[in-house]
Amino acid sequence: MEAKKFCENISKYRDDLYIMALAILKNETDAEDAVSNAVLKAYENRGQIRSFHKFKPWLLTITKNEALKLRSKRLILPGNETVESLLKPVQAHYDELWDVLQQMKEEYRLAVVLFYYEELSLKDISDVLDIPVGTVKSRLNRGKAELREALEGGHGNE
């Protein structure tokens, strides 16, 4: 893929990459770093992509891997807290659904984010997460059930 076309596509999917990284890292600064690393890695390997249809899932896979790599390098403090968890979060906007997502198990959260926020097909989610399509369906069902329970439970207490 030529550099100009690559840059156009990165601009198109920049927010999608950020959402993916944020779903894993739960920290805006780290998510930005993961996206930057992913874009650099993707640019260096842009010759590998042959089909535009596969470009977004390919980018999301690289972003997922970079976010997981960054998360594994975090400094863990006594009591399993990270340095980031002790910092006051920056609230650019409030989104109750996103807050609920952040409380879910990562396996469900990633499936839900890729399906609803990124609008990927089950097959593409399967490719990005490197799991069978049946597992994607199962994680989506469980994730939706958790979301429904958390959102209905939260409104019932008001």
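Values below: all heavy atoms of this structure, side chains included; hydrogens, waters and symmetry mates excluded. Because the structure is predicted, anything quoted here is derived from the model rather than measured.
Scanning both residues, Trp58 and Ala42, for their nearest heavy atoms gives CH2-O, 3.3 Å. The two residues Ala150 and Val100 come nearest to each other via the heavy atoms CB-CG1, 3.5 Å. Summarising the geometry of Phe6 relative to Arg46, their closest heavy-atom pair is CD1-CB, 4.0 Å, with the distance given to 0.1 Å. When all heavy atoms of Arg109 and Leu101 are compared, the pair lying nearest together is CD-O, 3.1 Å. Between Leu25 and Ala67, the closest heavy-atom pair is CD2-O, 3.3 Å.
At a threshold of 4.5 Å between non-hydrogen side-chain atoms, the residues Leu68 and Glu106 count as touching. Looking at Met20 and Val128, their side chains come closer than 4.5 Å, going by heavy atoms from C-beta outward.
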Audit row: Leu122, Phe115, side chain to side chain contact (heavy atoms under 4.5 Å, CB included) steps and yes/no: CA-CA 7 Å; Leu122 296 176; Phe115 188 76; 4.1 Å; yes

One pair to check against side chain to side chain contact (heavy atoms under 4.5 Å, CB included): Leu59 and Ile10. What are the steps and the verdict? CA-CA 9 Å; Leu59 276 175; Ile10 290 297; 3.7 Å; yes

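In this structure, NZ on Lys69 lies 7.5 Å from CG on Asn37, to the nearest 0.5 angstrom. Expressed to the nearest 0.5 Å, how far CG of Asn27 lies from CG of Leu22 amounts to 8.0 Å. Atom CE in Met104 sits 9.5 Å away from atom CG in Leu110 (nearest 0.5 Å). Note that CZ of Arg14 and OG1 of Thr63 are 13.0 Å apart. Values are rounded to the nearest 0.5 Å. Residue Ser121 holds its OG atom at 7.5 Å from CG of Asp127, rounded to the nearest 0.5 Å. To the nearest 0.5 Å, the span separating NZ on Lys64 from CG on Leu114 amounts to 9.0 Å.
With a 6.0 Å radius and a threshold of 12 heavy atoms from other residues, nucleotides or ligands, Lys105 has its NZ atom at or below the threshold.
The main-chain N or O of Lys5 is found under 3.5 Å from a side-chain atom of Asn9 such that the two form a donor-acceptor pair.
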For residues 132-147, tabulate all N or O donor-acceptor pairs below 3.5 Å that involve a side-chain atom, not counting sequence neighbours.
residue: Asn141; atom: ND2; partner: Lys137; partner atom: O; Å: 3.4

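Clustering ILVMFWY residues whenever any of their side-chain heavy atoms sit less than 4.5 angstrom apart, transitively, puts Leu40 in a cluster other than the one holding Tyr13.
For Lys41, the salt bridge (Lys or Arg N to Asp or Glu O under 4.0 Å) partners two or more places apart in sequence, or in a different chain, are Glu66. Shown here are the side chain to side chain donor-acceptor pair (under 3.5 Å) partners of Gln102, two or more places apart in sequence or in another chain: there are none.
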